[in-house]
Amino acid sequence: MQRKRSPYAMPAMLAVAALLALLAYGVAQTRGGDQIDRTVAAGKREFAPIRTVKKLAGNETTSLADYRGKVVLLNFWASWCDPCKAESPAIERAYEKYKDRGFVVLGAGVDDLTRDAQAFARRYHLTYPIVKYGSLNASRDFGTRAMPESFVIDRRGRIVTLRRYQVDDKWLNANIPPILAEDR
Amino acid sequence: VIRVARLAAMLAVFALLVPAAPAWAACPKTSLPAIEDEVMCPICGVPLANAGGPQAEHEREYIRDHVDACQSKRQIKDALVAEYGEEVLAMPGSSGFDLAAYLVPAGGLLLAALALAAGALRWRRGRDDDDAAGLGAGAESAGHAGPGEPPAGADLDKDLQRYDL
């Protein structure tokens, strides 16, 4: 015997499918931090997300695409975070040491008012470029959870290594020179 | 005389407009309490109205500065978004994926209303069919009891006798 299908079955199924598609889209928009960690742990490199962000000084914008051809240390920090204060001198030292070899630090101020971030940069004599990066975007793009977090990106724009805590001279000097030595 | 009348009329219009200007430009246009309910303290992860600590105070100070600069609530919220990003807003945005936060519940309500209406319509139609069938059966059976069957109304009499006090 053939069962008669309700006329409401098709619209209901379509509604459920639409909701599932919406959920999948929302999940896909959030790039899991674990994914980057797994890729790096496997010794592979994936391209860093490109997002246009505002520079701390002035109204100009920039993105990682502007730094292609350079080795970039993308450092997420906030003026209110103590480990960020602790690591800042080491990052500035590394920048001064390697900048002539094609190295650049891109500081990404998160969850800070511009004036607080500027005061922080002045206090720690940071001379490298700094941008403003919303925490939601940082989390979506790089899976950031807490400040500070740092990502080393090669000349082609791929993430080579990362540190989800404060960096120090030892870590910087161990990780940056080998990437600088790679073929352009 | 006409010229004087025109001049007087223009002066009158001007006199009406002049007091209106300060009222239009009245300051402040909003207040800290009016805004801190609608924005988040992104570092604390709670609405600014419920947040404490130095970062929440910095954000309040920033809002106060903008209130003192005679900015509207909309302008101050836009400035906060420029500083912290969309996550500073306590309510989801009205574009892109955030729009789903408004559309999905509205769509759900609409679907539920449609389902209720359809269900009610179906139930009513079923009831009408039953009534029609009952009436038809009653009309057929009245005075036409088959052989061996009790006459019509016999069941009803039996039931009434059972409950007769």
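Convention: sequence-line order gives letters A, B, ...; per-chain numbering from 1.
- Residues A:L74 and A:V40 are members of one and the same hydrophobic cluster, defined by side-chain heavy-atom contacts under 4.5 angstrom among Ile, Leu, Val, Met, Phe, Trp and Tyr.
- With respect to B:Q55, the side-chain contact (heavy atoms from CB on, under 4.5 Å) criterion is satisfied by exactly one of A:D111, A:D116, A:L113: A:D116.
- Looking at B:E86, neither its backbone nor its side chain comes within 4.5 Å of chain A, counting heavy atoms on both sides.
- Counted within 6.0 Å of CZ on A:R68, heavy atoms from surrounding residues, nucleotides or ligands total more than 12; the atom is thus considered enclosed.
- Checking side-chain atoms of A:K132 against main-chain N and O of B:E83 turns up a donor-acceptor pair under 3.5 Å.
- Cluster annotation: A:I50 is connected to A:V110 through the hydrophobic network of ILVMFWY side chains, with a link wherever side-chain heavy atoms come within less than 4.5 Å.
- Heavy-atom contacts from other residues, nucleotides or ligands closer than 6.0 Å to NZ of A:K44 number 12 or fewer.
- The shortest non-hydrogen separation linking B:E61 to A:R115 is C-NH2, 3.8 Å.
- Put simply, of B:A115, B:G85, B:P42, the one with the most heavy-atom pairs under 4.5 Å next to chain A is B:P42.
- For B:R122, the CZ atom counts as loosely surrounded, since its 6.0 Å shell holds 12 or fewer non-hydrogen atoms of other residues, nucleotides or ligands.
- Both the backbone and the side chain of B:I43 come within less than 4.5 Å of a heavy atom of chain A.
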